[in-house]
Amino acid sequence: MIKGIKGVKDILPEETPRWRFIEETARRWAGRYGFQEVRIPIFEVTALFARSIGASTDIVEKEMYTFPDRDGTSLTLRPEGTAGTVRAFVEHNRASDPLPQKYYYLGPMFRHERPQAGRLRQFHQFGVEFFGTEDPRADVEVISLLWGLLSDLVLPDLTLEMNSLGSSTDRAAYLPVLVSFLKGRLNRLCANCQRRIETNPLRVLDCKVPECRAATEDAPELLSHISSEARQHFQQVLDGLAALGISHRLNPRLVRGLDYYCLTAFEITSSHLGAQNAVGAGGRYDGLVEALGGPKTPAVGFAVGLERVSLMLPDRSLPPGIPPVYVAAFGPEGGPAGIRLLEELRRAGISAVTDYRSTTLKAHLRQADRAGSRYTILLGDDEARRGSVVVRNMDTKAQSDVSFADISRSLLSQISPS
RNA sequence: GUGAGUGUAGCUCAGUUGGUUAGAGCGCCGGAUUGUGGAUCCGGAGGUCGCGGGUUCGAAACCCGUCACUCACCCCA
């Protein structure tokens, strides 16, 4: 038997209503904030991701699905959506059109990682990118959209965490200070963190090992090393959130994994997710458009992990589905009449099903019950001769005769009582 | 890439210190007289016990290997 690829999941019919609901809710919220959908390719030239995400990040170093095209060009399945969106923005000269511009995307992403709860090799993200303004109110708007969306879905125990990474020069100045502090207490850090001092010192501050926490208790904070402009920007973002009644927790240790972030960094976590507790995260990336060959264009955005949303989404958040009408046609005359009736109902816009294997009314009703139908149409030889059917309400068991001519109209009024 | 746990029917799982033909519940199909579902009762279909090797008179069980899944580390949404 050929099986699916590790970490790549089928979403079966039982699950698709839940996914559609999440996607529709995301689109609705994006629309409310004036974001428009962009559909970018699922694969791109590898260099795009190396340049934008950062050549020394884990994603680029070991998690990308990369393969040669027939002419040898290195291609990569997209590991995230920002790079492609920015590439499209630059390639189509969108910066020459009136700014700001607001895009959203929705779709699969690919990273070669060991699968785990809330983490797959093919996963899905919804993300937005707000181009063309460095105004902190844009940051607030994007966070407000993310918060509103997740709250609307009634996800449990959400926490918004905020930090500022400062400008890139702020970070460059801060890193040596941090590294020398960490080297001063090297022996108190876990093996992982000792390695991380070289690879990603900011991460040491985010380590979960208690000893590391204690050792870095009084570490110099990035937040107190950022420029006054950056500090002011951050304060305005926080004030803006407060004005909208969105509460947050300051997390000076919050670090974004991708190189392109600067200034505002945020993350929404939930305690209901296991180890991978971030549902959505984002920040500002003022230098990325320029880095990819476009004009200097500030931008803010976020991405949401849809699998993680799905894991947390309570069933009660889902709208009930519309059950189909079941046509129970049997007998030499009823059977053919049923086929014609099915066709008529479907053309009238009614979801109608039957089971061709069932030859008795009993078998049909069992199928109708299983299909979850609220109305079943009984159509045997008697009805076929009479020119009418019996409409059975499956909940109340009430039955009534309806003539062939009136069936569609009658059902439509009962199915959608509004 | 590293570590731990788990692999028996479509699903959830039993299966004694190794012993005859591998079980249950749910689900599925059919029946309980002539045209009425869910409940109950009865019957039926469905399994190379993940795969390969080894030990043994005998392996679902013990040993070795391998693969898959799950969770966690790393990292991230």
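In what follows, every chain begins at residue 1, and chains take the letters A, B, ... in the order their sequences are listed. Note that these values count all heavy atoms, side chains included, but never hydrogens, waters or copies made by symmetry.
The phosphate of G1(B) (OP1 or OP2) has no side-chain N or O of Lys62(A) nearer than 4.0 angstrom. In this model, the phosphate group of A72(B) is approached by a side-chain N or O of Gln116(A) to a distance below 4.0 Å at OP1 or OP2. Taking only side-chain nitrogens and oxygens, Lys9(A) comes nearer than 4.0 Å to OP1 or OP2 of U70(B).
Counting any heavy atom pair closer than 4.0 Å across all strands shown, Gly127(A) reaches no nucleic acid atom. Base contact: Glu113(A) has a heavy atom under 4.0 Å from a base atom.
Counting to the nearest Å, the P atom of G10(B) and the CD atom of Glu14(A) are 16 Å from each other. Going from atom CD1 of Ile59(A) over to atom C1' of A77(B) covers 9 Å, rounded to whole Å. Taking atom NE2 of residue His112(A) and atom C1' of nucleotide A77(B), one finds them 18 Å apart after rounding to whole Å. If you measure from atom CG of Leu149(A) to atom C1' of A77(B), you get 13 Å, rounded to the nearest angstrom. One interatomic measurement links the two molecules: CD of Gln122(A) to P of A77(B), which rounds to 17 Å at whole-angstrom precision. Remark: P of A77(B) and CH2 of Trp19(A) are 16 Å apart, rounded to the nearest angstrom. Rounded to whole Å, the distance from CE on Met109(A) to C1' on C75(B) is 18 Å. Look at CD on Gln276(A): it is 14 Å from P on U70(B), rounded to the nearest Å.
Ring pair His112(A)/Tyr65(A) is tilted by interplanar angle, where 30° to 60° counts as tilted.
Comparing the same atom, P, in C49(B) and in U8(B) gives a spacing of 11 Å after rounding to whole Å. The gap from the C1' atom of G30(B) to that of G23(B) amounts to 23 Å, rounded to the nearest Å. Separation of the P atoms belonging to G47(B) and A9(B) is 10 Å when rounded to the nearest angstrom. Look at the C1' atom in both G46(B) and A24(B): the space between them is 15 Å, to the nearest Å. One C1' atom belongs to G35(B), the other to U40(B), and the distance between them is 22 Å to the nearest Å. Between C73(B) and G53(B), the two C1' atoms lie 33 Å apart (nearest whole Å). Using P as the reference atom, U20(B) and A59(B) are 12 Å apart when rounded to the nearest Å.
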Step-by-step side-chain hydrogen bond (donor to acceptor under 3.5 Å, both in side chains) determination, Tyr105(A) to Arg78(A): CA-CA 13 Å; Tyr105(A) 60 83; Arg78(A) 62 183 189 192; over 6 Å; no
Derivation and outcome, side-chain hydrogen bond (donor to acceptor under 3.5 Å, both in side chains), residues Thr66(A) and Thr76(A): CA-CA 4 Å; Thr66(A) 297; Thr76(A) 292; 2.8 Å; yes
Stepwise salt bridge (Lys or Arg N to Asp or Glu O under 4.0 Å) check, Arg386(A) with Asp401(A): CA-CA 10 Å; Arg386(A) 207 163 66 216; Asp401(A) 285 6; 3.7 Å; yes
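Checked options Glu63(A), Gln122(A), Arg121(A), Glu80(A); the residue passing with Phe110(A) is Gln122(A) (criterion: side-chain contact (heavy atoms from CB on, under 4.5 Å)). Of the candidates Gln236(A), Gln235(A), Glu141(A), Gln236(A) is the only one forming a side-chain contact (heavy atoms from CB on, under 4.5 Å) with Pro136(A).
Using modelled atom types, no side-chain atom of Arg119(A) and backbone atom of Arg308(A) make a donor-acceptor pair closer than 3.5 Å.
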Dot-bracket encoding of pairs in RNA chain B, which uses [ ] for pseudoknotted crossings and | for another strand, Watson-Crick or G-U under 3.5 angstrom: (((((((..((((.....[...)))).(((((.......))))).....(((((..]....))))))))))))....
Protein-to-nucleotide contact annotation, 5' to 3' order, nucleotides 27-37 of chain B [B base; S sugar-phosphate only; - none; under 4.0 Å, heavy atom]: -SSS----BBB
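The local environment of CD in Gln36(A) is sparse, with at most 12 non-hydrogen atoms from other residues, nucleotides or ligands closer than 6.0 Å. Annotation: Arg185(A), atom CZ; neighbour count of heavy atoms from other residues, nucleotides and ligands within 6.0 Å is above 12.
Residues satisfying the side chain to side chain donor-acceptor pair (under 3.5 Å) criterion with Gln399(A), sequence neighbours excluded, are Arg392(A).
Smallest separation of non-hydrogen atoms from Gly166(A) and Ala230(A): CA-CB, 4.0 Å.
Judged by distance alone with a 3.5 Å cut-off, a donor-acceptor contact links the side chain of Arg111(A) to the base of A77(B).
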